[in-house]
Protein chains: 2
Amino acid sequence: MNVAGPAYDEEAVDLGEITGSLGFLLRMAQLKAFDFFFRTLDGENLRPGEFTVLWVINLNPGLRQGTFARRLKIKPAHMTKLVARMVDQGLVHREIPQDDRRSVRLSLTEGGSAFVARYREKFLHLHLAERSDLTVEESATLIHLLKRYAGIDGDGPCL
Amino acid sequence: MNVAGPAYDEEAVDLGEITGSLGFLLRMAQLKAFDFFFRTLDGENLRPGEFTVLWVINLNPGLRQGTFARRLKIKPAHMTKLVARMVDQGLVHREIPQDDRRSVRLSLTEGGSAFVARYREKFLHLHLAERSDLTVEESATLIHLLKRYAGIDGDGPCL
DNA sequence: TATTGTTATACTCTATAACTATA
DNA sequence: TATAGTTATAGAGTATAACAATA
């Protein structure tokens, strides 16, 4: 059972068929991606989830809070806290429209736009770093298949 | 009430270049995979992370707690709580070896083995369900690329 | 009555540091 | 001193339900 493995002092751990589990692999891959993220943006006051929200508001100013939340699969209660924090940081502007005063429409402040602009390059550059061990073609395939699986853009009914 | 169609009343949200971000896609994919998981195992007292730990202990009985934790990228403090819970549930057995009494060696109890055996099929069957929208070939490619990216099994130094 | 968002609570996972008991 | 694991604390993310204001 004991083949000459890579780590002599570390006991070898057989993962068995669980390596065929998409859920397991997604978790391990996400840990690696986050590792890249935080290593690259070390010291910056920036978290992946928050930047994504700012990014999408920047591209779609004036849409309702719930619309953003559903699209990014963020729960309403969590979205409230996220938005409140960003408002406190002076990045996001909330507006209650007269035609439906239950709703909240979101847009970025000048500071918010500047924030997105400032980190845009780092964020996009990160995509290359994330792919490190794969070839350019393999990366493109991985991105494509993940989009398909997650139902983003592509063909399906992408609510 | 709103019947047919991909929601005409829902405002369209442009995600822009962030759909090329591996981190973003991994998060969206993981949400979908977890959704499958909990829908398939609805009502069962089973969480993906916990089952994975039991699974790996079952395949490698007697290894040290820290070895399992490092391999599954679980932090020591969290691992302690996970193991304590499983011991309380009568699934896991802890043993302090005489040659190094700082360490803890883990194995499954009879109940633990039975637990893994009982859910094994559901867990493996889930892998097929997870892939739903992709062809068999695409699924295999996705699994392969994720393994490569995450550094699991394959070629690299898989600590 | 239904919907939009908020508040409150709780639990999981993560991060960190201080601690123990061994080595 | 260093290591294996524990304890304690804090924060983010998620889930849920009850709630207010509005439709």
Side-chain angles (χ1 to χ4, degrees), chain A residues 9-11 23-24 26-28 30-35 37-39 42 45-53 63-89 92 94-106, chain B residues 1-2 7 9-11 23-24 26-28 30-35 37-39 42-43 45-53 62-88 92 94-106:
Chain A
D9 55 339
E10 178 76 17
E11 302 166 301
F24 176 74
L26 286 172
R27 177 175 178 272
M28 300 303 270
Q30 196 175 39
L31 286 175
K32 176 152 184 171
F34 274 38
D35 206 49
F37 184 92
F38 288 112
R39 207 182 313 145
D42 189 35
N45 182 27
L46 183 59
R47 269 165 297 179
E50 289 185 2
F51 186 81
T52 300
V53 173
L63 298 191
R64 283 174 300 159
Q65 179 170 316
T67 303
F68 289 118
R70 275 188 296 279
R71 183 67 196 265
L72 297 177
K73 298 192 181 176
I74 296 170
K75 291 286 178 293
H78 185 212
M79 191 66 176
T80 295
K81 279 187 276 187
L82 273 179
V83 170
R85 199 189 302 154
M86 291 168 176
V87 169
D88 287 347
Q89 292 175 309
V92 166
R94 291 162 42 102
E95 186 179 354
I96 312 294
Q98 287 308 311
D99 62 309
D100 184 350
R101 297 181 43 221
R102 295 171 304 181
S103 64
V104 177
R105 295 198 172 267
L106 301 178
Chain B
M1 208 105 62
N2 216 329
D9 57 340
E10 179 76 19
E11 304 165 299
F24 175 75
L26 285 172
R27 177 175 178 272
M28 300 303 271
Q30 195 176 39
L31 285 174
K32 176 152 184 170
F34 273 39
D35 205 50
F37 184 92
F38 287 113
R39 206 182 314 144
D42 189 35
N45 182 27
L46 184 59
R47 269 166 296 178
E50 289 185 2
F51 186 80
T52 299
V53 173
L63 297 193
R64 282 175 300 157
Q65 179 171 315
T67 303
F68 289 118
R70 276 187 296 279
R71 183 66 196 266
L72 298 177
K73 298 191 182 178
I74 296 170
K75 291 285 179 295
H78 186 210
M79 191 65 175
T80 294
K81 278 187 276 188
L82 274 179
V83 170
R85 199 188 303 154
M86 291 169 176
V87 169
D88 287 347
V92 166
R94 291 162 42 100
E95 187 178 354
I96 312 294
Q98 287 309 310
D99 61 311
D100 183 350
R101 297 179 44 219
R102 296 170 305 180
S103 65
V104 177
R105 297 197 170 267
L106 301 177

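Quick caveat: nothing in here was measured; it's all calculated off a predicted structure. Letters go in sequence order (proteins before strands), and every chain restarts at 1.
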Any chance you could measure [X], atom [atom1], to [Y], atom [atom2], to the nearest 0.5 Å?
{"X": "B:L106", "Y": "B:E95", "atom1": "CG", "atom2": "CD", "value": "10.5 Å"}
{"X": "A:I74", "Y": "A:K81", "atom1": "CD1", "atom2": "NZ", "value": "12.5 Å"}
{"X": "B:L31", "Y": "A:K73", "atom1": "CG", "atom2": "NZ", "value": "6.0 Å"}

Note to self: Taking the nucleotide of DNA chain D with the nearest heavy atom to each, does A:I74 or B:A77 sit closer to the 5' end?
What the structure shows: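 Nearest-nucleotide comparison on DNA chain D picks B:A77.
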
Measure the distance from [atom1] on [X] to [atom2] on [N] and round it to the nearest whole Å.
{"X": "A:F38", "N": "C:dT14", "atom1": "CZ", "atom2": "C1'", "value": "10 Å"}
{"X": "A:R47", "N": "C:dA15", "atom1": "CZ", "atom2": "P", "value": "12 Å"}
{"X": "A:K75", "N": "C:dT7", "atom1": "NZ", "atom2": "C1'", "value": "18 Å"}
{"X": "A:R85", "N": "C:dT7", "atom1": "CZ", "atom2": "P", "value": "15 Å"}
{"X": "A:K81", "N": "C:dA8", "atom1": "NZ", "atom2": "P", "value": "11 Å"}
{"X": "A:F68", "N": "C:dT4", "atom1": "CZ", "atom2": "P", "value": "15 Å"}
{"X": "A:R27", "N": "C:dT14", "atom1": "CZ", "atom2": "C1'", "value": "10 Å"}
{"X": "A:E95", "N": "C:dT4", "atom1": "CD", "atom2": "C1'", "value": "16 Å"}

Next item on the list: Give me the ring orientation class for A:F34 and A:F37: parallel if the planes are under 30° apart, tilted from 30 to 60°, perpendicular past 60°.
Entry: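 A:F34 and A:F37: tilted rings.
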
Side chains of [X] and [Y] in contact at under 4.5 Å (non-hydrogen atoms):
{"X": "A:F24", "Y": "B:P48", "answer": "no"}
{"X": "A:V92", "Y": "A:V53", "answer": "no"}
{"X": "A:T80", "Y": "A:Q65", "answer": "yes"}

Item checked: Selection: residues 96-106 of chain A, any non-hydrogen atom under 4.0 Å of DNA chain C ->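 Of all residues in residues 96-106 of chain A, the ones placing a heavy atom under 4.0 Å from DNA chain C are A:R102, A:S103, A:V104.
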
Note to self: Treating A:R27 as the side-chain partner and B:G49 as the backbone partner, does any N or O pair qualify as donor plus acceptor under 3.5 Å?
What the structure shows: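 Checked: no pair found.
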
Note to self: Using heavy-atom distances to pick each residue's nearest nucleotide on DNA chain C, tell me which of A:L31 and A:M79 is more 5'.
What the structure shows: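 Nearer the 5' end of the strand: A:M79.
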
Next item on the list: Output all residues satisfying salt bridge (Lys or Arg N to Asp or Glu O under 4.0 Å) with A:R47, sequence neighbours left out; order by chain, then residue number.
Entry: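 A:E50.
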
Margin query: Just to verify, what does A:R94 make a salt bridge (Lys or Arg N to Asp or Glu O under 4.0 Å) with, not counting sequence neighbours?
Written below: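 Testing A:R94 for salt bridge (Lys or Arg N to Asp or Glu O under 4.0 Å), a comparison that skips the adjacent residues, returns none.
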
Check: What are the bounds, 5' to 3', of the part of DNA chain D that sits under 4.0 Å from heavy atoms of chain A?
Finding: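 Range of nucleotides touched by chain A: D:dA12 to D:dA23.
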
Margin query: Tell me every residue that passes side chain to side chain donor-acceptor pair (under 3.5 Å) with A:Q89, counting only those two or more places apart in sequence or in another chain.
Written below: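 Applying side chain to side chain donor-acceptor pair (under 3.5 Å) to A:Q89 gives none.
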
Next item on the list: Can you pull out how bent the helix from C:dT1-D:dA23 to C:dA23-D:dT1 is, comparing the axes over its first five and last five pairs, to 10°?
Entry: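 One end's axis against the other's: 20°.
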
Next item on the list: Would you please confirm or rule out a distance under 4.0 Å between OP1 or OP2 of C:dT6 and any side-chain N or O of A:R94?
Entry: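 For C:dT6, OP1/OP2 do have a side-chain N/O of A:R94 under 4.0 Å.
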
